[in-house]
There are 2 protein chains.
Amino acid sequence: MKQVKVSNNVIRRLPRYLRKLDELAADGVDKISSRQLGEELGLTSSQVRQDFNCFGEFGQQGYGYNVSALRAQIAGILGMDRGFSAILLGVGNIGRALMENFCFSDWGVKLAAAFDIKPELVGTEYKGVRIYAMEELEHYLDTNRVDMAVLTVPKAAAVPVTELLTAHGVDAIWNFTNVELTRPNSSTIVENIHFSDSLLSLCYYVTERRDDAAKKEDK
Amino acid sequence: MKQVKVSNNVIRRLPRYLRKLDELAADGVDKISSRQLGEELGLTSSQVRQDFNCFGEFGQQGYGYNVSALRAQIAGILGMDRGFSAILLGVGNIGRALMENFCFSDWGVKLAAAFDIKPELVGTEYKGVRIYAMEELEHYLDTNRVDMAVLTVPKAAAVPVTELLTAHGVDAIWNFTNVELTRPNSSTIVENIHFSDSLLSLCYYVTERRDDAAKKEDK
DNA sequence: TAGATTGTTAATCGATTAACAATC
DNA sequence: TAGATTGTTAATCGATTAACAATC
């Protein structure tokens with residue numbers, strides 16, 4: 001694998017390729033050209049080929065790409081075969097929704113444990129995942145390998161819990177709190193799901209469209 | 001307002017500015033320079049100023065930006081004062097989590113109604129939002145203004161429900177399903193929350209870090 | 001072989017950064 | 001006035017697109 005230093009934009013497209021390839025495989029398609037794949041995702045064929053060539057040569061000239069082989073390559077690049085282990089902090093509404101509905105194992109991640117402060121939850125299991133007390137977190141981190149933490153605690157707990165995690169060597173956080181965790185001089189990897197940011201972007205595009213429509217009506 | 005054609009990258013940063021400005025206001029800060037604001041968010045001062053200058057002149061030379069005035073400008077750009085009206089489709093785990101925990105009105109959006117197929121939910125209210133039967137959707141759309149739809153239905157329902165929505169004039173969708181809704185020749189505005197894409201990006205960065213660490217150990 | 005499509009280099013385009021005059 | 005910081009233009013950097021030789 002080449003791997004110079006792959007740009008963020010490329011990384012963000014990899015899961016989309018993966019999703020589309022899964023869809024194609026489910027439809028019984030077994031080969032695809034960069035042009036076709038690009039069309040499906042709104043990209044140019046050049047871009048598709050450039051993206052893949054960041055990591056190696058996955059196609060065959062004159063033929064295209066084998067769907068399942070390409071899928072496997074991308075899965076490998078993303079680290080889906082590494083057996084990453086995650087823990088979830090905060091079994092509130094969103095935490096519970098993730099535990100119930102989101103299949104971590106589909107993406108190669110094992111959700112190994114959850115933590116909450118509510119005594120009535122501690123000791124129970126949710127979808128095969130045991131819920132521990134927050135006080136047990138430090139001990140857990142010291143005795144288990146944890147590759148990433150899913151942060152679904154209330155806003156106020158976000159920073160203290162993050163500090164505890166990083167102090168015990170967890171350097172990757174999937175952040176569902178509406179808090180800017182990215183700290184200037186920190187080396188922690190933070191991946192945000194900011195619902196409000198997403199909704200506000202949508203609002204912007206709707207606003208833009210309404211304004212355009214109003215402008216046309218003026219004429 | 002200038003408004004030539006603002007790039008996606010700029011739009012994506014606007015909610016982050018808003019969030020940071022809210023934080024600053026809460027801390028009692030009432031002015032900030034582009035340099036300081038940039039540092040807080042990991043951006044250069046140039047970028048901050050360029051971003052704002054897409055929309056007008058919000059600062060004062062020699063002084064900086066007034067926090068609450070700038071906040072109000074950005075809120076206006078995003079359309080938070082437009083009184084957008086949304087409906088939610090699918091009151092499952094994730095739909096319920098949003099209704100319970102996510103404060104739409106904080107971002108200027110009114111969640112006006114929800115729809116589900118489960119008979120036991122129909123007619124009930126959740127956090128002040130009435131739940132209707134899916135069969136009532138068409139009639140609702142024809143008799144109410146709906147600016148955006150929150151799509152939290154199961155995977156299989158995503159495409160048919162979207163088609164129904166667009167057929168009745170809803171042209172903006174906040175998509176929580178793991179389905180690529182962006183269709184090549186559609187004019188619908190789709191904003192995706194793809195949990196799996198986000199997790200896979202995180203996996204990539206963790207993988208990269210582990211590989212770098214392993215490489216260093218080799219030497 | 002002829003046709004198709006990749007891998008890859010070169011050209012273009014757009015976004016970020018630097019610089020500085022304007023001005024509070 | 002002097003210092004600070006914006007608004008804005010110019011320079012740089014990086015990402016996307018186009019082109020084409022390599023090759024299946």
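Proteins come first, then strands; the chains are lettered A, B, ... in the order of their sequence lines, and each starts at number 1. Note that these values count all heavy atoms, side chains included, but never hydrogens, waters or copies made by symmetry.
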Reckon [X] has a side-chain N or O less than 4.0 Å from the OP1 or OP2 of [N]?
X     : N      : answer
A:Y65 : D:dC24 : no
A:Y63 : D:dA22 : no
A:Q47 : D:dT17 : yes
B:R49 : D:dG7  : no
A:Q61 : D:dA22 : no

Which is true for [X] with a 4.0 Å heavy-atom rule: it touches a base, it touches only sugar-phosphate, or it touches nothing?
X     : value
B:S46 : base
A:F52 : nothing
A:S34 : sugar-phosphate

DNA chain D contacts among residues 11-30 of chain A, heavy-atom distance under 4.0 Å: A:R13
message: Give me the stems containing DNA chain C, sorted by first residue, counting only three or more consecutive Watson-Crick or G-U pairs with both distances under 3.5 Å; say none if there aren't any.
response: C:3-24 with D:3-24
message: Minimum heavy-atom separation for A:D147 and A:A172, please, with both atom names.
response: O-CB, 3.5 Å
query: Picking from D:dA18, D:dG7, D:dA19, which would you name as closest to the side chain of B:N53?
result: D:dG7
Listed nucleotide nearest any side-chain atom of A:N9, set C:dT8, D:dT8, D:dA15: D:dA15
- prompt: Start at the 5' end of DNA chain C and walk down; is the nucleotide closest to A:G59 or to B:T44 reached first?
  reply: A:G59
Contacts table for residues 95-106 of chain A: side-chain donor-acceptor under 3.5 angstrom, sequence neighbours left out:
residue, atom, partner, partner atom, Å
A:E100, OE1, B:N93, ND2, 2.6
A:E100, OE2, A:Y126, OH, 3.0
A:N101, OD1, B:N93, ND2, 2.9

- request: Whole angstrom is fine here: how far is it from CZ in B:F58 over to P in D:dT6?
  value: 14 Å
